[in-house]
Amino acid sequence: MANCTMLQTLDLGDNLINDTFPFWLGTLPELRVLVLRSNKFNGAIGRPEKAQIDFPKLHIIDLSCNSFTGKLPSQQFQNCVAMKVLGAEKLAYLQSNSSFTRKGSLTFELSYSYDHSMTMSNKGSLTEYEKILEFFTAIDFSCNKFEGEIPPVIGTLKALNLLNLSNNGLTGKIPAELGEMSSIECLDLSGNKLSEEIPEQLTQLTFLAFLNLSYNHLTGRIPQGKQFNTFEKNSFEGNSGLCGRPLSNCGDDNNQPPESRSQGQDDEGSFYLTWKMVAAGYAFGVVMGGVIGHIAFERKKEWFMKTFRVGQKKRRGGNSRI
């Protein structure tokens with residue numbers, strides 16, 4: 001098959017192939033789609049020195065559900081030119097199509113596509129594509145045994161739409177360089193051993209419609225703003241060291257420093273205390289005013305009755321004398 005120099009699509013998924021990674025495929029200058037998912041491939045992915053070409057036109061690679069080990073192949077990522085360049089036509093489409101921006105759809109139509117169909121994991125579920133779009137770029141290395149850190153060079157793949165590295169043994173921090181993948185729509189790093197804080201640079205991924213960082217060892221406050229305000233708890237669950245919206249608060253309800261929050265609580269307490277004192281004083285004044293008014297009224301009434309009766313007696317006495 002190394003002699004098939006015009007081969008563009010190779011799909012060997014869902015078989016029982018038991019072998020190491022076929023590194024010689026990197027010499028195929030026209031290979032654009034490589035699907036090896038759900039087999040028994042194993043071992044590390046390496047590049048022998050004699051291989052002079054590394055997938056120059058490859059824009060879809062699916063190695064999911066195998067037993068690959070070792071570190072992620074940073075050298076291969078470096079040479080994936082088709083995943084780095086944002087064509088003018090694609091960029092114009094992304095900027096003008098509002099439905100793409102809202103939904104992050106991976107199935108938009110362009111003039112060129114392959115007739116070959118394939119199945120690929122997207123947003124946590126298997127999705128069947130009847131056609132393979134020319135500029136849809138995706139990397140799915142999920143459900144393997146990869147170890148080590150995520151290579152920062154992945155951030156140079158600016159045309160990448162989907163990156164799935166879930167359910168491996170990856171360690172270290174999430175590279176801030178991933179925030180440079182300006183076309184990424186689906187990012188799944190769940191089920192690994194990633195640690196430290198979520199980089200703020202990820203909030204710059206304005207097309208990101210699906211994010212899954214669950215079940216790692218991430219810590220700190222979840223970044224806020226833009227697309228991150230749309231993600232729910234299941235995007236971050238399983239990280240006991242994470243806090244902030246949409247998970248539990250970070251020691252304060254309004255994401256304020258403890259000093260500021262404490263001052264706010266004091267002001268709030270003083271406010272309620274002042275009103276309680278005013279209300280108590282008002283009630284006391286009403287009661288005392290009523291009592292005093294009643295006493296005064298009774299005294300005036302008694303004086304009036306006495307005075308009125310005396311006047312009547314005098315008037316009656318005068319009349320009898322006439």
How far apart are the C-alpha atoms of Leu189 and Leu170, what are their side-chain angles, what is the distance that settles it, and do they pass the side-chain contact (heavy atoms from CB on, under 4.5 Å) test? CA-CA 9 Å; Leu189 304 178; Leu170 300 175; 5.8 Å; no
According to a 4.5 Å side-chain heavy-atom criterion applied to Ile, Leu, Val, Met, Phe, Trp and Tyr, with indirect links allowed, do Val153 and Leu205 form part of one hydrophobic cluster? yes
Identify, with sequence neighbours excluded, every residue that meets disulfide bond (SG atoms under 2.5 Å apart) alongside Cys243. Cys250
Is a side-chain donor or acceptor of Asn161 paired with a backbone partner of Thr137 at a separation under 3.5 angstrom? yes
Hey, does the side chain of Asn18 reach the backbone of Leu16 with a donor-acceptor pair shorter than 3.5 angstrom? no
Distance col, row Asp19:CG vs Leu12:CG, nearest 0.5 angstrom, shows 11.0 Å
Side chains of Glu147 and Thr69: closer than 4.5 Å at any heavy-atom pair? no
Is it true that a side-chain atom of Lys84 and a backbone atom of Gln78 form a donor plus acceptor pair closer than 3.5 Å? yes
What distance separates Ile222 CD1 from Lys233 NZ, expressed to the nearest 0.5 Å? 10.5 Å
Taking the side chain as every heavy atom from C-beta outward, state whether Phe210 and Asp188 have any pair of such atoms under 4.5 Å apart. yes
Look up atom NZ in Lys40 and atom SG in Cys65, then write down how far apart they are to the nearest 0.5 Å. 14.0 Å
Stepwise, does the side-chain contact (heavy atoms from CB on, under 4.5 Å) test hold for Ile174 with Leu213? CA-CA 10 Å; Ile174 299 175; Leu213 304 178; 4.1 Å; yes
Side-chain heavy-atom pair Ile198, Leu242 within 4.5 angstrom cut-off: yes
Nearest-0.5 Å distance that lies between atom CG in Leu162 and atom CZ in Phe136: 5.5 Å
Under 3.5 Å donor-acceptor, Ser235 side chain and Leu211 backbone: yes
Mark yes or no for whether Asn66, through its side chain, and Asn39, through its backbone, hold a donor-acceptor pair below 3.5 Å. yes
Applying a strict under-4.5 Å side-chain criterion to I, L, V, M, F, W and Y, I'd like to know whether Tyr215 and Leu218 cluster together. no
Does Leu63 reach the side chain of Phe21, with side-chain heavy atoms less than 4.5 Å apart? yes
Applying salt bridge (charged side-chain N to carboxylate O under 4.0 Å, His left out) as the test, list every pair that has at least one member in residues 57-69; sequence neighbours left out. Glu30-Lys57, Arg37-Asp62
With the side chain counted from C-beta on, respond yes when Leu34 and Phe55 share a heavy-atom pair under 4.5 Å apart, and no when they do not. yes
Hey, does Leu194 have a side-chain heavy atom less than 4.5 Å from the side chain of Ile150? yes
Search all heavy atoms of Glu200 against all heavy atoms of Pro223 and return the closest pair with its distance. OE1-CB, 3.6 Å
Do you know which two heavy atoms are closest between Pro29 and Pro56, and how far apart they sit? O-CG, 3.8 Å
I need the minimum non-hydrogen distance between Pro151 and Ser74, along with the two atoms involved. CB-CB, 3.7 Å
Given the rule that I, L, V, M, F, W and Y join up when any side-chain heavy atoms are under 4.5 Å apart, are Leu31 and Met1 in one cluster? yes
Can the ring centres of Phe141 and Phe68 be said to be less than 6.0 Å apart? no
So, Ser183 side chain and Lys158 main chain: donor-acceptor pair closer than 3.5 Å or not? yes
Could you tell me whether the side chain of Leu25 reaches within less than 4.5 Å of the side chain of Leu58, counting heavy atoms only? no
Can you tell me how far the OG atom of Ser142 sits from the CG atom of Leu163, to the nearest 0.5 Å? 10.0 Å
Stepwise, does the side-chain contact (heavy atoms from CB on, under 4.5 Å) test hold for Asp140 with Ile61? CA-CA 6 Å; Asp140 190 347; Ile61 180 170; over 6 Å; no
Rounded at 0.5 Å granularity, tell me how far CG in Asn167 sits from OG in Ser190. 5.5 Å
Flag, side chain of Asn168 to backbone of Asn144, donor-acceptor distance under 3.5 Å: yes
Quick one: does any side-chain atom of Asn212 pair with a main-chain N or O of Ser214 as donor and acceptor, under 3.5 Å? yes
Got a donor-acceptor contact below 3.5 angstrom from the Asn229 side chain to the Gln227 backbone? no
Are Gln76 and Ile139 packed together at the side-chain level, in the sense that at least one heavy-atom pair is separated by less than 4.5 angstrom? no
Closest heavy-atom pair and its distance - Gly155, Glu180: O-CB, 3.7 Å
Carefully, step by step, assess His59 and Val33 under the rule side-chain contact (heavy atoms from CB on, under 4.5 Å). CA-CA 6 Å; His59 63 90; Val33 177; 4.2 Å; yes
